[in-house]
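Start at 1 and go down the list; that is how both ligands and their atoms are numbered. Source: prediction; values computed, not measured.
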Amino acid sequence: MDTTVWFLTSNAGKLAEASHHFSELGMTVRALEVPEGSIVEPQASTLEEVAEAKIRQAMEHLPHEGAMVLVEDAGLFVDALDGFPGVYSSYVHETVGNAGMLRLLAHLLSEDPARSKRLRSASFQAVAALWDGHEIHVGKGVCQGSIAHEAKGEGGFGYDPIFIPSDLDEEGRPLDPETLGAVSTHGQTFGSVDAEMKHQFSHRRRALDDIVRQVQHLVNR
Ligand code: IMP
C-alpha cells in the first residue's frame with residue numbers, strides 16, 4: 001500500500017506536526033500542491049463543513065488514483081459570542097485583530113478571577129479530514145480556555161497572545177478555573193509559553209490524534 005498522505009497546506013509548521021503524527025503509523029506526509037486559486041475557501045458555518053468542502057476540492061487534484069489526502073481547519077470559538085469568530089477566525093484576526101476581540105469582551109469582567117475566566121470562556125477547535133482513497137474520515141480536537149484581559153507574549157500566532165488554556169489533568173482533560181492541573185501555563189497565554197507547552201494542549205494535535213486512531217487499520221490493509 002502507498003503510505004503517503006498528501007496534506008493540503010502551505011504552512012511548514014502544520015506539515016511538520018502532521019508528519020510527526022502519521023510517522024507513528026509508518027506513513028509519510030507531503031504537501032499537496034495545487035494550482036493557485038484552485039481551492040475556494042467555502043462559506044460554511046461549521047469547521048466540519050469547511051473541511052469536507054475543502055477535501056472534495058482537494059480530491060480533484062490527487063497526484064495519482066487512490067492517493068490519500070488531508071485537510072485541516074481551525075478557529076477560535078468564544079462562548080459569550082455564541083462561538084464567534086469560529087469559521088471566520090482568520091478574517092476577524094486580519095481585520096480587527098486581538099485588540100478588537102478584547103474590545104468585544106471588555107464588558108465581561110469580575111473581581112473574582114475564576115468567575116472572570118468563566119465569563120470569558122472560549123475554545124480553539126480544529127477539524128481534520130482525510131480521504132483514504134475509499135472514504136472520508138473526520139477528526140476533531142478542542143482546546144478549552146478563556147480570553148485574557150490584555151494581550152501578552154510575542155510567541156505563537158493568531159489569537160495566541162489573548163488565549164489562556166484551561167489546566168489539564170493527567171489524562172489531558174481540561175479542568176475548571178479553580179483547579180491546578182498536571183499540565184498548566186499558570187494563567188499565562190499561549191503567546192507567553194513555548195511551543196512544547198502549547199503542543200500539550202493543542203486542538204490541532206487532538207484532531208490529528210483522532211484521525212490517526214481512525215485510520216490505524218489502513219496500514220494493515
Ligand atoms: P487555520 O484554519 O488553522 O488556518 O486557522 C484559522 C485561524 O484561526 C487562524 O488564522 C488563526 O487566526 C486562528 N487560529 C487557529 N489555530 C490557532 C492557534 O493555535 N493559535 C492562535 N490562533 C489560531
Gln188 and Lys152: side-chain hydrogen bond (donor to acceptor under 3.5 Å, both in side chains), yes or no, with the steps?
CA-CA 8 Å; Gln188 293 191 86; Lys152 280 210 181 119; over 6 Å; no
Closer than 4.0 angstrom, basic N to acidic O: yes or no for Arg205 and Asp209?
yes
Applied to residues 41-76, the ring-ring contact (aromatic ring centres under 6.0 Å, His included) test, sequence neighbours excluded, yields none
Any ion pair linking Glu178 and Arg118 (charged N to carboxylate O, less than 4.0 Å)?
yes
As a test of reading the model: which residues have a non-hydrogen atom less than 4.0 Å away from ligand 1?
Lys14, Glu72, Asp73, Ala74, Gly75, Ser89, Ser90, His93, Phe124, Phe157, Gly158, Tyr159, Asp160, Lys198, His203, Arg204
Contacts of type salt bridge (charged side-chain N to carboxylate O under 4.0 Å, His left out), residue Glu65, not counting sequence neighbours:
none
Residues that His203 engages under ring-ring contact (aromatic ring centres under 6.0 Å, His included), provided they are two or more places apart:
Phe124
